[in-house]
Protein chains: 2
Amino acid sequence: MKTTIKDVAKLAGVSFKTVSRVINNEASVKPQTVEKVNQAIAQLNYQPNTAARNLASANTYAIGYVYDNPNAYYVINMQNGILAECRNRGYELIIHPCHATSPTLTEEIIKMCKRSQLAGLVLSPPMSEMAGVMDSLDELAIPYVRIVSGSATKRNHRPCVFVHDRDAARNIVEHLIAQGHTRIGFISGDQGHRSTEERKLGYREALTNHGIPLDRELEIDGTYSFESGVKGFKQLRALGDQPTAIFACNDEIASGSLFAARLNGLDVPSQLAIAGFENSPFSLQTWPKLTTAAQPTGEIASQAAATLIEEIQSKRTGRLPSEVAQHTHFHPELVVRESTYIPD
Amino acid sequence: MKTTIKDVAKLAGVSFKTVSRVINNEASVKPQTVEKVNQAIAQLNYQPNTAARNLASANTYAIGYVYDNPNAYYVINMQNGILAECRNRGYELIIHPCHATSPTLTEEIIKMCKRSQLAGLVLSPPMSEMAGVMDSLDELAIPYVRIVSGSATKRNHRPCVFVHDRDAARNIVEHLIAQGHTRIGFISGDQGHRSTEERKLGYREALTNHGIPLDRELEIDGTYSFESGVKGFKQLRALGDQPTAIFACNDEIASGSLFAARLNGLDVPSQLAIAGFENSPFSLQTWPKLTTAAQPTGEIASQAAATLIEEIQSKRTGRLPSEVAQHTHFHPELVVRESTYIPD
DNA sequence: AACCCTTTTGACAACGCTGTCATTAAAATA
DNA sequence: TATTTTAATGACAGCGTTGTCAAAAGGGTT
């Protein structure tokens, strides 16, 4: 019924320990033995039992993904990216949606790690910025990789995947400036999220670089939602000196502003240009389509998982991971569409 | 460092087997013993090791969710619904995105079950209709719960959660008829998906019920995508006798049609009424907002998980699950918005 | 007090793997 | 060829639980 490592060993005519070695790609197994064992594995359609592996070894074959993001596309893409890497390397993924504001968040994460004996964690924003969470993980020596909006971070001892939101935001706003806009509104995402901060910095940088004075009136506080885009638009229209372009912190906000603008009879982009961020499906399903910055979310996630698993494996095989944490960088790319630009 | 059941036992002054009994809520433990043990557990912040539990017991504490759905909102809602139930009952969730068309699909699913020793599976469409998959699961006696678009199914031996798409579709189309429409177009989702079939049946039923003749020209084959909605609109406009209303198989299609309609200068709903299905965020972010049918995806998912876990537990405790599989039913609700109806 | 029956608890062997260390086979050296 | 070194394999003890079965502790009856 259930095929175990011993069945494979019997069929291959070796000890079950040798089969274990083959499964784990350990060195010092004769190539022809490897061959024999692999044949037996294939023949019996054998699958190693994860629970047993986890129990027997100190390290386990499961990592966790902790997220709290209202954006379904982002989560799905992240998840798929991590999963792809997990499958490649024979790891399992335990997903853990949570609420960033929960007072018991840290405790909750630790419990999950213990229960499932996770070998490591991928933290996406805003959890990737929470000192309390990181402290606890450090204390328990649970490896984690952070996905960070920005190009650097103070806590450098753990690997990070940096997404250069600031540069991308600057590119978007410079594109708007290149279209002749000088009065450009900004609608932020959730307060306290680093992505919000970075995108705002990029916005300001672009203006400053081109000698356009900053105007606090043009910077609207919002959240990552459609409604926020509607509301932000109204606030900007209520100004005496109205903007001719809006840079919204993500596509959902942008599509809310776009919605409101068209409802108010404004033509986009001739009367008002609007740009988003993220390149989500939303950005393609508005009219006109949204200019945005394309985040390669799946790749970012895969990279994070790869970094994490690499470290776990290196620990397993005894090789020490290099002292300097391994950082990687991604640069969202400007995608110009009809909401900011009309080709001649 | 690592707290085990034995530490708890020592602190509580009982054997570790008794602690195990308390953890599993087994009968025949004296209440005051339970109390003592629970105190010790709390004090040590003990978490049972899932891997060990899975290994030791025939049944495990992990279920799987198999899906192939391009719709991120649907997947996230399903996932969250299942997870909520899992957390309640101390189960883990292993997610398995896949491609319904993959030739090795069945094999792949079986492998996952073996590897993670899954106690059961939640199958969402279209996997919930695949005979090959179900046969293999039956053979290995792996419990599963199906989420089915429809009100009944031939394979009745396993529990199903039925979502009455047909009735909901009929309600939508009858709403359109009540608005005076008699020439109503239909744009389908992916061919072969049961939801597509059911929604088409509901559409036809409504027409027939009101003595409106069916016209094959009005039934456009599409897929569950925005582009398909754009294309479907064009096909319907190309007809000699154009429809005055469109019922699209989901909100994404509907929003595509809406997009195309407005691009063509049509006013919605006065010149063309458009309805979708699903009540996804899309339906709120169009202008005008979409009439649709609200599927309680999260609840559906929780119900499916609850049914599955119930069965697993009953097996564990020896009580036989009732011979007749447990079926439950959900009825998506009509949500009327501005894309089909103008309040006076 | 002696008996039986029920409730509650404990001892100990699995579960299917990995880690450690001993052993054997093969290769290199003297 | 004898001897040392290295590569390849095997034996066996855990890992932290649950399952099985036996033992102990109570509770009624006679």
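Residue numbers begin at 1 in each chain, while the letters A, B, ... track the order of the sequences.
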Among all residues two or more places apart in sequence or in another chain, which pass the side-chain contact (heavy atoms from CB on, under 4.5 Å) test with Q47(B)? K111(A), K114(A), R115(A)
If I take atom [atom1] from residue [X] and atom [atom2] from residue [Y], how far apart are they, to the nearest 0.5 angstrom?
{"X": "S302(B)", "Y": "E85(B)", "atom1": "OG", "atom2": "CD", "value": "5.5 Å"}
{"X": "R146(A)", "Y": "L308(A)", "atom1": "CZ", "atom2": "CG", "value": "14.0 Å"}
{"X": "D138(A)", "Y": "H157(A)", "atom1": "CG", "atom2": "NE2", "value": "3.5 Å"}
{"X": "T307(A)", "Y": "H327(A)", "atom1": "OG1", "atom2": "NE2", "value": "10.5 Å"}

Just to be sure I understand the rule, does T33(A) reach a base, reach only the sugar-phosphate, or reach nothing, if contact means heavy atoms closer than 4.0 Å? sugar-phosphate
To the nearest angstrom, how far is [X] atom [atom1] from [N] atom [atom2]?
{"X": "Q32(A)", "N": "dT9(D)", "atom1": "CD", "atom2": "P", "value": "8 Å"}
{"X": "K10(A)", "N": "dG16(C)", "atom1": "NZ", "atom2": "P", "value": "13 Å"}
{"X": "Y61(A)", "N": "dG16(C)", "atom1": "OH", "atom2": "P", "value": "18 Å"}
{"X": "E26(B)", "N": "dT9(C)", "atom1": "CD", "atom2": "C1'", "value": "12 Å"}

Can you give the donor-acceptor pairs under 3.5 Å from side chains of residues 31-38 of chain A to other protein atoms, not counting sequence neighbours?
{"from": "E35(A)", "atom 1": "OE2", "to": "Q39(A)", "atom 2": "NE2", "distance (Å)": "3.4"}
{"from": "N38(A)", "atom 1": "ND2", "to": "V34(A)", "atom 2": "O", "distance (Å)": "3.4"}

With a 4.0 Å limit, can you tell me whether S28(A) has a side-chain N or O closer than that to the phosphate oxygens OP1/OP2 of dA7(D)? no
E92(A): which of L83(A), T50(A), I63(A) passes side chain to side chain contact (heavy atoms under 4.5 Å, CB included): T50(A)
Going by the side chain to side chain contact (heavy atoms under 4.5 Å, CB included) test, name the single residue among V8(B), I5(B), T3(B) that passes it with I41(B). V8(B)
Yes or no on side-chain contact (heavy atoms from CB on, under 4.5 Å) for D68(B) and T101(B), after CA distance, side-chain angles and deciding distance? CA-CA 10 Å; D68(B) 165 24; T101(B) 52; over 6 Å; no
Do any N or O atoms of the protein come closer than 3.5 Å to N or O atoms of nucleotides 13-17 of chain D, and which pairs are they?
{"from": "dC15(D)", "atom 1": "O2", "to": "A56(A)", "atom 2": "N", "distance (Å)": "3.4"}
{"from": "dT17(D)", "atom 1": "OP1", "to": "Y46(B)", "atom 2": "OH", "distance (Å)": "2.7"}
{"from": "dT17(D)", "atom 1": "OP1", "to": "N49(B)", "atom 2": "N", "distance (Å)": "3.4"}
{"from": "dT17(D)", "atom 1": "OP2", "to": "I5(B)", "atom 2": "N", "distance (Å)": "2.9"}
{"from": "dT17(D)", "atom 1": "O5'", "to": "Y46(B)", "atom 2": "OH", "distance (Å)": "3.3"}

With sequence neighbours left out, what residues match Y67(B) under side chain to side chain donor-acceptor pair (under 3.5 Å)? Q79(A)
Please give the angle, rounded to 10 degrees, between the axes at the start and the end of the helix from dA1(C)-dT30(D) to dA30(C)-dT1(D), where five pairs define each axis. 40°
Report each atom pair, protein N/O against N/O of nucleotides 22-26 of chain D, whose distance is under 3.5 angstrom.
none

Decide salt bridge (Lys or Arg N to Asp or Glu O under 4.0 Å) for R89(B) and E310(B); before the verdict, give the C-alpha distance in whole Å, the side-chain angles of both, and the deciding distance to 0.1 Å. CA-CA 10 Å; R89(B) 307 188 183 235; E310(B) 207 75 64; 3.3 Å; yes
